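None of the values given here were measured: they were computed from a predicted structure. As the structure lists them, so they are numbered: ligands from 1, and atoms in each ligand from 1. The figures that follow rest on heavy atoms only: side chains count, while hydrogens, waters and symmetry mates do not.
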Amino acid sequence: MNVKKYIIGNWKSNKNLSDVRSWFTEFSSLYKSDNQISLDKLEIVICPPFIYLPEAEKLIKKFNLPISLGAQDVSPFPQGAYTGEVEAHQIADFAKFVLIGHSERRSNFGETDKLLFAKVDQADKNGLQVVYCVPDNQTKIPQSVTMVAYEPVWAIGTGKTESGENAVKVADSIRDNLKTAKIIYGGSVNSKNITDFLEGVGLDGVLPGGASLDAGSFWEMIVNASRI
Ligand code: PGA
């Protein structure tokens, strides 16, 4: 069985249009200059800000890149009179994945379990693959969720990481309630430590933020991950 490991880059609220174009151009030249690498066992995803999803989709097609797209958030409502919201059936035109419940949204925007469950409902109705982010193994997760990102708050953007061993323990305890869910780890993942989280069968992937912003360091993570 070919079980894929996920590398999901979260750009957060970074980059303008010209940065997005440069990133894909650089990524494409790195990808095309390395014909030794096999990406069969990896699923590579980039989550740009909403506004760049169409441009990212165009560039992925233009350069024929093995990258899928994800959104960083989704409205808890269907389409309608919800000024400023981007809802799931709009996102589904461009993206396959959606992050829900990132700790930056929980803490900066006061997102509650109730609101996050409504977001999952909208994503499910529109066929988006939810990546439900939790800071620990105590946080409520909707039963429909099939991919969870364990991201300890103290490890996000700090350069400090959870050990691979601990991350697997937390993943296993999340799987006690969600038997078949894929569990990925996020929090200061980079090209040096990525294999700590991908070796063995304990975790299904990683969610790097800062290290996905530079095409070179994102590519290096992919190269290292492809060797495990
Ligand atoms: P980081 O972010 O890799 O910059 O720590 C991870 C995340 O918040 O998803």
Side-chain angles (χ1 to χ4, degrees), residues 5-15 19-20 23 27 42-50 52-53 56 67-74 91 95-111 116 119-120 123 128-139 141 145-168 170-171 174 181-199 202-225:
K5 299 276 188 184
Y6 293 77
I7 303 181
I8 305 181
N10 174 13
W11 284 357
K12 309 191 179 183
S13 192
N14 290 292
K15 298 195 185 297
D19 299 331
V20 172
W23 191 97
F27 185 90
L42 300 177
E43 167 115 23
I44 302 162
V45 183
I46 284 290
C47 304
F50 284 133
Y52 301 125
L53 282 168
I67 296 181
S68 304
L69 287 173
Q72 297 174 19
D73 189 24
V74 61
I91 292 171
K96 182 168 157 192
F97 296 83
V98 61
L99 306 181
I100 294 180
H102 192 282
S103 71
E104 286 152 13
R105 298 216 55 90
R106 291 177 192 264
S107 64
N108 295 322
F109 303 96
E111 296 197 346
L116 296 173
K119 292 185 178 202
V120 169
L128 292 169
Q129 162 76 65
V130 171
V131 181
Y132 199 78
C133 306
V134 296
D136 52 44
N137 56 4
Q138 303 299 310
T139 302
I141 303 172
V145 165
T146 55
M147 188 181 294
V148 176
Y150 163 51
E151 298 202 295
V153 174
W154 55 262
I156 296 178
T158 58
K160 294 184 199 140
T161 53
E162 180 66 284
S163 67
E165 201 183 328
N166 268 345
V168 170
V170 174
I174 292 171
K182 295 187 187 309
I183 317 283
I184 65 175
Y185 167 80
S188 297
V189 174
N190 59 35
S191 60
K192 297 213 163 57
N193 61 31
I194 187 167
T195 53
D196 297 350
F197 303 104
L198 296 184
E199 264 152 2
L203 291 164
D204 299 288
V206 288
L207 179 53
S212 70
L213 292 175
D214 176 71
S217 69
F218 193 62
W219 179 247
E220 221 172 288
M221 283 194 279
I222 292 168
V223 171
N224 292 344

Using a 4.0 Å cut-off to any heavy atom of [X], which atoms of ligand 1 qualify?
{"X": "Ala155", "result": "5 (O)"}
{"X": "Leu207", "result": "6 (C), 9 (O)"}
{"X": "Gly157", "result": "1 (P), 4 (O), 5 (O)"}
{"X": "Ser188", "result": "1 (P), 3 (O), 5 (O)"}
{"X": "Pro208", "result": "3 (O)"}
{"X": "His102", "result": "7 (C), 8 (O), 9 (O)"}

Identify, for [atom], the protein heavy atom at the shortest distance, and state residue, atom and that distance.
{"atom": "atom 3 (O) of ligand 1", "result": "Gly209 N, 2.8 Å"}
{"atom": "atom 9 (O) of ligand 1", "result": "Glu151 OE2, 2.7 Å"}
{"atom": "atom 2 (O) of ligand 1", "result": "Lys12 NZ, 3.2 Å"}
{"atom": "atom 4 (O) of ligand 1", "result": "Gly210 N, 2.8 Å"}

| If you measure from each heavy atom of Gly186 to ligand 1, is any distance below 4.0 Å? |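 Gly186 does not count as a contact of ligand 1 under the 4.0 Å cut-off.
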| request: Using a 4.0 Å heavy-atom threshold (strictly under), name the region of Asn10 that reaches ligand 1: side chain, backbone, both or neither. | output: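 Within the 4.0 Å criterion, Asn10 contacts ligand 1 through side-chain atoms alone.
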| said: If you apply the rule salt bridge (Lys or Arg N to Asp or Glu O under 4.0 Å), what do you find for Lys182 with Glu43, and how did you get there? | reply: CA-CA 13 Å; Lys182 295 187 187 309; Glu43 167 115 23; over 6 Å; no
| task | Would you please indicate yes or no on a ring centroid separation below 6.0 angstrom for Trp11 and Tyr52? | result |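 No.
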